[in-house]
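Just so it is clear: chains get the letters A, B, ... in the order the sequence lines come, proteins before strands, and each one is counted from 1.
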There are 2 protein chains.
Amino acid sequence: MNTSFKKRVVIIEDDVEIRNSYELIVNSSPKFFVLNTYDNCEDAIKQIHNDKPDIVLMDVELSGMSGIAGTKIIKDKIPHAEIIIISVYDNSEMVFEALRSGASGYITKSSNYIELLAALDEITKGGAPMSTKIARLVIDTFHINPNSPLSKRETQILQLISEGKTYTQISEELFISKDTAKSHIRNIYSKLQVNNKSEALAKATSDKLI
Amino acid sequence: MNTSFKKRVVIIEDDVEIRNSYELIVNSSPKFFVLNTYDNCEDAIKQIHNDKPDIVLMDVELSGMSGIAGTKIIKDKIPHAEIIIISVYDNSEMVFEALRSGASGYITKSSNYIELLAALDEITKGGAPMSTKIARLVIDTFHINPNSPLSKRETQILQLISEGKTYTQISEELFISKDTAKSHIRNIYSKLQVNNKSEALAKATSDKLI
DNA sequence: ATTTATATCACCCATTTTGGATTATTGTTT
DNA sequence: AAACAATAATCCAAAATGGGTGATATAAAT
């Protein structure tokens, strides 16, 4: 069969049955073919320059190097490769860690073969396939907290702090005295229960205040 | 027709042809029905407590209040409502602003009726429908910059700064002297071309260094 | 072999930030 | 009308930060 136009897929998954089943599914599509499958990242990485995959299907829970560590290394070695995480876990820490490490897709193991092929299609079109719950997790990180304890003015000043502005710069930008800027900032600290700018920014980020 | 089990949909879109076409598409599904359509946010907001929509399809480019401002107000008034933005624009500023304001979906106007209904289904299942390009924009915001100019130690210290730690706390946590911590921080400032912690954090965020 | 980058530590000095206490005006809500 | 929150301002003292300058040791790169 002529496979030159097909997208090259590598599978890294330690459960042999799941691995074989993924391989069958991927090879059932005329658009993709599986070059190689591995039960650990270390072996996959050794072969990565021979395989030159376009797409890597990556399990996270592996013996030895985790799928997240493996994702970092593979993206470092062949940045053009697109990595889709397939995991039983859909908790936020795991998902965000995987995405930070360079994955461009994240689907849960409950996905059926249609969803798996849809994910491969989506990544081929330049998208970022995600299972329902994952997509919502991701989108929710963008939402601003509508119950911010801060007033408009305080939020505005916190915004300026986040841009690295000093008391003086803030007072100049808002046409208020330095002491007034200070007064606002102290009120911000009191409301957020912090003691310095960086802590305020940490709190602002985790509580999505700005 | 008994519509009590159907999801209640409101459409806000100023182009009458597009508006009518959306209405037809949504009503063609047994799972949804259109309560009302509006050509501006102001009118929609006046009726929002009567309409009590489960889902709002929102255009961004409107005369009067923008769809983004409207999204904020609607989410404030009826937080359970899910808002899907439908826009011709798919540039990052627009997308991120819309998501920050409270939207849980963002699809482009090039979407066909299948994609529109798929988006409604996805949001009903608790997901976050996005067009291909939007999903990738969103996911890319998570990726850490693999070309960081900072050393491992410097990145570690920047991480501690982002948690609000002071020089003293950093030195204690890493078992180094205060002056060493300071020295690292100064090197970080020099590499990032900034002059204080907050600016460093702003730069770290925009360049995705941590 | 020599430079370069990294990580460590130190001292001086000026500026910035923070802590605490207090007052006053405006605007909104009850 | 009273109560409250937000905004604005000032004073003093203590702590933290930032800029200058220099040094040592080790590992990595050329």
Side-chain angles (χ1 to χ4, degrees), chain A residues 72-73 76-77 144-205 207 209-210, chain B residues 45 49 72-73 76-77 144-205 207 209-210:
Chain A
K72 268 196 205 105
I73 294 174
D76 184 55
K77 290 186 181 291
I144 294 284
N145 182 357
N147 300 95
S148 170
L150 303 182
S151 72
K152 257 191 187 170
R153 191 61 150 178
E154 287 162 351
T155 303
Q156 182 184 26
I157 286 172
L158 188 58
Q159 179 65 49
L160 293 174
I161 290 175
S162 83
E163 292 163 13
K165 304 277 166 70
T166 66
Y167 284 18
T168 312
Q169 288 171 317
I170 290 171
S171 69
E172 281 166 358
E173 204 156 321
L174 301 182
F175 304 106
I176 56 181
S177 83
K178 200 189 285 191
D179 277 306
T180 300
K182 202 168 120 180
S183 172
H184 286 302
I185 289 170
R186 296 169 70 77
N187 289 336
I188 293 171
Y189 289 175
S190 152
K191 286 184 181 179
L192 302 186
Q193 298 186 274
V194 298
N195 303 297
N196 58 56
K197 288 183 180 178
S198 302
E199 259 192 284
L201 292 178
K203 184 86 173 156
T205 304
D207 290 3
L209 306 179
I210 52 171
Chain B
I45 290 168
H49 285 115
K72 270 197 202 101
I73 294 175
D76 185 56
K77 289 186 182 291
I144 294 285
N145 182 356
N147 299 94
S148 169
L150 303 182
S151 73
K152 257 191 186 169
R153 193 59 151 177
E154 287 161 352
T155 303
Q156 183 184 25
I157 285 173
L158 188 58
Q159 180 63 48
L160 293 173
I161 291 175
S162 83
E163 292 163 14
K165 304 276 167 69
T166 65
Y167 284 18
T168 312
Q169 288 172 318
I170 291 171
S171 69
E172 282 166 358
E173 204 157 321
L174 301 182
F175 304 105
I176 56 179
S177 83
K178 199 190 284 191
D179 275 306
T180 301
K182 203 167 124 177
S183 172
H184 284 303
I185 290 169
R186 295 170 69 159
N187 289 335
I188 293 171
Y189 290 175
S190 151
K191 285 184 180 178
L192 303 186
Q193 297 186 278
V194 298
N195 302 298
N196 58 56
K197 287 184 179 179
S198 303
E199 263 191 281
L201 292 178
K203 184 84 174 159
T205 305
D207 290 4
L209 304 179
I210 52 173

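In this structure, the side chains of Pro149(B) and Leu209(B) come closer than 4.5 Å at one or more pairs of heavy atoms. Considering only heavy atoms from C-beta on, Ser183(B) stays 4.5 Å or farther from Arg186(B) through its side chain. For the pair Tyr167(B) and Lys197(B), the minimum side-chain heavy-atom distance is below 4.5 Å.
Within 4.0 Å of Lys197(A), counting heavy atoms only, lie sugar-phosphate atoms of the nucleic acid but no base atom. Nucleic acid contact class of Asn187(A) (heavy atoms, under 4.0 Å, all strands): base. Counting non-hydrogen atoms under 4.0 angstrom, Tyr167(A) reaches a base of the nucleic acid. Across all strands shown, Thr166(A) has heavy atoms under 4.0 Å from sugar-phosphate atoms exclusively, and none from any base. Residue-level contact check: Lys191(A) touches the backbone only, with heavy atoms under 4.0 Å from sugar-phosphate atoms and none from bases. At a threshold of 4.0 angstrom between heavy atoms, the contacts of Ser177(B) are confined to the sugar-phosphate backbone, with no base atom among them.
Using a 4.0 Å cut-off, no side-chain N or O of His184(B) falls inside it from OP1 or OP2 of dT6(C). Contact check, Ser151(B) against dA7(C): a side-chain N or O comes under 4.0 Å of OP1 or OP2. Within the structure, a side-chain polar atom (N or O) of Arg153(B) is placed less than 4.0 Å from OP1 or OP2 of dT8(C).
A donor-acceptor contact under 3.5 Å is formed by the side chain of Lys182(A) with the base of dT18(C).
When the P atom of dG27(C) is taken as reference, atom NZ of Lys152(A) falls 15 Å away, rounded to whole Å. Distance, Asn195(A) CG to dA15(D) C1': 12 Å, rounded to whole Å. In this entry the distance linking CG of Leu150(B) with C1' of dT6(C) reads 12 Å, nearest Å. When rounded to the nearest whole Å, the span between CD1 of Ile176(A) and P of dA24(C) equals 20 Å. Distance Ile188(A) CD1 to dA6(D) P: 12 Å, rounded to the nearest Å. Distance, Ile157(A) CD1 to dT7(D) C1': 9 Å, rounded to whole Å. Rounded to a whole Å, the CD1 atom of Ile170(A) is 14 Å from the P atom of dA9(D). Distance CG (Asp179(B)) to P (dA16(D)): 14 Å, rounded to an integer number of Å.
Here the CD atom belonging to Gln156(A) is positioned 9.0 Å from the CD atom belonging to Gln159(A), to the nearest 0.5 angstrom.
In this structure, the side chain of Gln169(A) engages the main chain of Thr166(A) through a donor-acceptor pair within 3.5 Å.
Of the candidate nucleotides dA7(C), dG19(D), dT18(C), dG19(D) has the atom lying nearest to any side-chain atom of Tyr189(B).
Each of Thr180(B) and Lys165(A) has a nearest nucleotide on DNA chain C; the 5'-most of these lies closest to Thr180(B). Looking at which nucleotide of DNA chain C each of Lys178(A) and Arg186(A) is closest to, the 5′-most match is held by Lys178(A).
A 6.0 Å sphere centred on NZ of Lys191(B) holds more than 12 heavy atoms belonging to other residues, nucleotides or ligands.
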